Amino acid sequence: MKILVTGAAGFIGYHLSKKLISESVSVIGLDNINSYYDPNLKYDRLKNLGILKSQIIDNHLIKSNTYKNFNFYKINLEDKKNLELVFINEKPDIIINLAAQAGVRYSLTNPDAYIQSNIVGFTNILELCKIYNIQDIIYASSSSVYGSNKKLPFSTEDRVDNPISLYAATKKSNELFAHTYSHLFNIRTIGLRFFTVYGPWGRPDMALFLFVKAALDNKEIDVYNYGNMSRDFTYVDDIINGIYKLILNRLNIFKKYKTNYRIYNIGNSSPVRLGDFISAIEKKLDLNLKKKLLPIQPGDVSDTYSDVKNLISDCDYKPNTDIQYGVNEFIDWYKNYYKV
């Protein structure tokens, strides 16, 4: 099996590439290594996969120095011409599309980045799968698609017609595009609604990274909605194991439901209050964080909570990592990586 992983230098894409490599899957990694956050973190993830920064040339195949079953291309999804060459040369069996412009708040001020990466880029992936007869796509959606929904837990059976950020709207559009291509061109698609992923090698724009950095720098943390929030924090290993289970079970799933289109939540299904999340950080660091209480930000929701019954029934799998364990693992990584 050969799998193309887009966003391979990103947080989830890096961890998934490592998992697939360890399972002897042939992996083609693809990323544009943009500057939304520090590119050096992305280059260091790639270094762990055997790809050195000095080796990387735009639109060229780079072979791993460490793993015979990992190759890499630095390409934008919007660059259809060069993306098509990857499809022609590599002939992947499955596409796992994790490349996207992430972040709810950034989408308020930089909408074009989301349109280009999340809509144009994803459409290019779908079109090339149609042209080159690739039947399986697994792609990242987001829990953000639930928007202003009030019913908890969030179920894939719920309507998601009320996104409250451009980021969420682009992820909802991905699901709609996938449904259309599944229906018209017999492409099997699985959309994954991730719930607040955290862990080692995480994104610097996310709460855990920001809180730990501020704490170690003896600075205040911004606590939105005056702390009246909860999140279904999901440890990155649980996300990766969920994706891997879906890869293995995908054909049985489509046969079971007699459809080419499926959506799954991947979440811990155990929301954590923001105050308890902060307490877990304080316990690990053995200090009290200074808090600046602020109103809720545009595009944010107060609570998230995943219903994962479909993941359990179809893959016999449920994320279950304890928040204190996950926070401890991240902080240990952070201190080691930044030599704190």
Side-chain angles (χ1 to χ4, degrees), residues 3 5 12-13 15-16 19-20 94-98 100 122 126 135-163 168 170-183 186-199 230-272 301 303-323 326:
I3 297 180
V5 177
I12 299 173
H15 283 281
L16 179 62
K19 169 68 173 176
L20 294 174
I94 301 173
I95 311 298
I96 302 183
N97 185 54
L98 302 173
F122 187 59
L126 290 167
Q135 288 193 290
D136 287 285
I137 304 177
I138 298 174
Y139 63 94
S141 184
S142 169
S143 61
S144 295
V145 301
Y146 290 106
S148 56
N149 285 17
K150 300 300 182 186
K151 182 179 80 66
L152 296 173
F154 295 148
S155 168
T156 56
E157 296 169 5
D158 298 338
R159 295 184 66 88
V160 285
D161 299 329
N162 303 292
T170 63
K171 287 301 184 179
K172 169 62 176 173
S173 78
N174 286 173
E175 295 180 3
L176 294 171
F177 278 48
H179 184 276
T180 302
Y181 275 76
S182 293
H183 175 72
N186 203 34
I187 298 173
R188 296 184 290 257
T189 67
I190 295 177
L192 308 176
R193 294 174 180 171
F194 297 138
F195 281 73
T196 316
V197 190
Y198 73 103
S230 68
R231 288 289 181 269
D232 199 350
F233 292 101
T234 311
Y235 190 60
V236 66
D237 287 357
D238 289 340
I239 294 287
I240 300 311
N241 289 331
I243 297 172
Y244 189 65
K245 289 275 190 179
L246 285 162
I247 292 170
L248 297 181
N249 288 282
R250 71 190 190 284
L251 298 181
N252 288 332
I253 289 169
F254 291 122
K255 184 177 179 180
K256 173 183 175 181
Y257 292 101
K258 297 180 174 61
T259 178
N260 285 327
Y261 174 82
R262 294 291 292 160
I263 298 286
Y264 289 90
N265 289 332
I266 305 187
N268 212 49
S269 202
S270 182
V272 176
V301 297
D303 304 287
T304 66
Y305 180 1
S306 64
D307 178 341
V308 293
K309 65 176 183 292
N310 290 338
L311 190 64
I312 295 169
S313 65
D314 294 345
C315 295
D316 191 26
Y317 181 72
K318 181 188 178 300
N320 59 11
T321 299
D322 173 74
I323 191 68

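Please read all numbers here as calculations on a predicted model, not as lab measurements. For reference, positions follow the sequence shown, starting with 1.
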Interatomic distance, Tyr261 atom OH to His179 atom NE2 [nearest 0.5 angstrom]: 6.0 Å

Looking only at non-hydrogen atoms, find the nearest pair between Gly326 and Thr321 and report the distance. N-CG2, 4.3 Å

Closest non-hydrogen atom pair between Tyr257 and Ser313, with its separation: OH-OG, 4.3 Å

Asn260 side, atom CG; Ile253 side, atom CD1 - distance, nearest 0.5 Å: 12.5 Å

Does Ser142 use its side chain to pair, donor to acceptor, with the backbone of Arg193 at less than 3.5 Å? no

Distance from Ser155 atom OG to Tyr305 atom OH, nearest 0.5 Å? 12.0 Å

Heavy-atom neighbours of Asp316 CG exceed 12 at 6.0 Å: no

Give, for atom CZ of Phe194 and atom NZ of Lys171, the distance between the pair rounded to the nearest 0.5 Å. 8.5 Å

Output the distance between atom CG (Asn265) and atom CD (Glu157), rounded to the nearest 0.5 Å. 10.0 Å

Are any of the side-chain heavy atoms of Ile94 and Arg250 separated by less than 4.5 Å? yes

Distance-only, no hydrogens or angles: does the Ser306 side chain make a donor-acceptor pair with backbone N or O of Ile266 under 3.5 Å? no

When you measure from the side chain of Ser230 to the backbone of Asp303, do you find a donor-acceptor pair of N or O atoms at a distance under 3.5 Å? no

CZ on Arg231 to OG1 on Thr304, rounded to 0.5 Å: 5.0 Å

Taking the side chain as everything from C-beta on, heavy atoms only, tell me whether Leu192 gets closer than 4.5 Å to Leu246. yes

Heavy-atom distance under 4.5 Å between the side chains of Asn149 and Asn162, does that happen here? yes

Between Thr189 and Ser182, a side-chain donor and acceptor under 3.5 Å: yes

Aromatic ring pairing Phe122/Tyr139, orientation class (parallel under 30°, perpendicular over 60°, tilted between): tilted

In terms of side-chain heavy atoms, does Thr156 have a donor or acceptor partner in Asn310 at a distance below 3.5 Å? yes

Exceeds 12 heavy-atom contacts within 6.0 angstrom, atom NZ of Lys151: yes

Going through the checks in order, is the side-chain contact (heavy atoms from CB on, under 4.5 Å) test met by Asn268 and Asp238? CA-CA 8 Å; Asn268 212 49; Asp238 289 340; 3.8 Å; yes

Is the closest basic N to carboxylate O distance between Arg262 and Asp314 below 4.0 Å? yes

Begin with the C-alpha distance, continue with both residues' side-chain angles, and end with the deciding distance and a verdict on side-chain contact (heavy atoms from CB on, under 4.5 Å) for Tyr235 and Asn320. CA-CA 8 Å; Tyr235 190 60; Asn320 59 11; over 6 Å; no

State, with a plain yes or no, whether a side-chain heavy atom of Arg188 is found less than 4.5 Å away from one of Thr259. no

Taking all atoms of both residues into account, what is the closest heavy-atom pair of Ala168 and Ser144, and its distance? CB-O, 3.3 Å

May I have the step-by-step check of side-chain contact (heavy atoms from CB on, under 4.5 Å) for Thr196 and Asp232, ending in yes or no? CA-CA 6 Å; Thr196 316; Asp232 199 350; 5.7 Å; no

Considering only heavy atoms from C-beta outward, does the side chain of Ile95 approach that of Val5 to under 4.5 Å? no

Residue pair Ile190 / Ile137, side-chain heavy-atom distance below 4.5 Å: no

Testing the basics here: between Gly147 and Val301, what is the closest heavy-atom pair and its distance to 0.1 Å? O-CG1, 3.1 Å

Check the angle between the aromatic planes of Tyr146 and Phe154 and answer parallel, tilted or perpendicular using the 30° and 60° thresholds. parallel

Option passing side-chain contact (heavy atoms from CB on, under 4.5 Å) with Ser269 (candidates Asp307, Val308, Ile312, Thr234): Val308

Taking every heavy atom of Asp158 against every heavy atom of Pro153, the minimum-distance pair comes out as OD2-O, 4.0 Å

Apply side-chain contact (heavy atoms from CB on, under 4.5 Å) to Ile12 and Ile240, showing your working. CA-CA 7 Å; Ile12 299 173; Ile240 300 311; 3.8 Å; yes

